[in-house]
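Below is one structure, written out as structure tokens; the observations come after it.
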Amino acid sequence: YGVSIYDEASDRTHTSSEIADTRWIYEGEDLQQGSTYVWTVTPTNENGDAIGDASEAWSFTLPSQNEASLISPVNEAIETILPLFTWNEIPPSPNQRIVYDVSIMDNDDTVIHSATVSEAQYQYPQDGAQLEYSSRYTWMIVARIEGAAASWESSAAWFSTPFVVVAGED
């Protein structure tokens, strides 16, 4: 496969080398915060030549510098009931500390687990309220300056847990 990413602001396109998997890490020029990009996937042969039509176009917008944005898991099935939640880091101003309030909700939007952390990630704990297999949850964060009223709330994203028990998590 090949992936093409079009930068609307600069009218430039970055095309990947051959991708043999369903995941790819972008290694082109730095993407700009607050910018919108359009991407497509094209089936290719081992020489990188297109062997079919490009997919429909999808777009994404990178968050602005001080925008709380979830990274993973975002609207996807995961393979564990102990997920690692990640989001973009909000850069602190001098002499300030940013903390993140993480909330995980069930299908009724009831908070079943919450935590406050200082890193832009959170590993769901083994001693937390156990996430059920074959279930869907929603999560979000609120980034805030410790001791101040300023805060940034992310949008919510869902994730679903695996259908079967994962070895080592039982």
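Between the Thr161 side chain and the Ser134 main chain, a donor and an acceptor come within less than 3.5 Å of each other. The main-chain N or O of Ile141 is found under 3.5 Å from a side-chain atom of Ser154 such that the two form a donor-acceptor pair. Side chain of Gln123 to backbone of Leu82: a donor-acceptor contact under 3.5 angstrom is found. Side-chain N or O atoms of Asp108 include none that pairs as donor or acceptor with a backbone N or O of Thr110 at under 3.5 Å. One N or O on the side chain of Tyr124 and one on the backbone of Ala129 form a donor-acceptor pair closer than 3.5 Å. Side-chain atoms of Asn75 come within 3.5 Å of backbone N or O of Trp158 as a donor-acceptor pair. At distances below 3.5 Å, not a single donor-acceptor pair connects side-chain atoms of Ser59 with backbone N or O atoms of Tyr37. With hydrogens and angles disregarded, no donor-acceptor distance shorter than 3.5 Å links the side chain of Thr40 to the backbone of Glu56. The backbone N or O of Val74 lies less than 3.5 Å from a partner atom in the side chain of Glu76, making a donor-acceptor pair. Counting only distance, with no hydrogens or angles, the side chain of Thr116 and the backbone of Asp101 share no donor-acceptor pair below 3.5 Å.
Of the candidates Glu89, Gln121, Glu119, Glu89 is the only one forming a side-chain contact (heavy atoms from CB on, under 4.5 Å) with Tyr100.
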- Task: Show the numbers, then the answer: is there a ring-ring contact (aromatic ring centres under 6.0 Å, His included) between His113 and Tyr122?
- Result: CA-CA 12 Å; His113 184 79; Tyr122 178 68; 5.7 Å; yes

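Among residues two or more places apart in sequence or in another chain, the side chain to side chain contact (heavy atoms under 4.5 Å, CB included) test is passed with Ile112 by Ile104, Asp106, Leu131, Tyr137.
A distance of 10.5 Å separates OG in Ser55 from OH in Tyr1, rounded to the nearest 0.5 Å. Remark: Asp109 CG to Thr138 OG1 distance equals 6.0 Å, nearest 0.5 Å. How far OG of Ser72 is from CH2 of Trp87: 11.5 Å, rounded to the nearest 0.5 Å. Taking OH of Tyr133 as the start and CD1 of Ile81 as the end, the distance is 3.5 Å to the nearest 0.5 Å. Here CG of Leu70 is found 5.5 Å from OG of Ser155. Values are rounded to the nearest 0.5 Å. How far CD1 of Ile98 is from CZ of Arg144: 10.0 Å, rounded to the nearest 0.5 Å.
Less than 6.0 angstrom separates the ring centroid of Phe85 from the ring centroid of Trp139.
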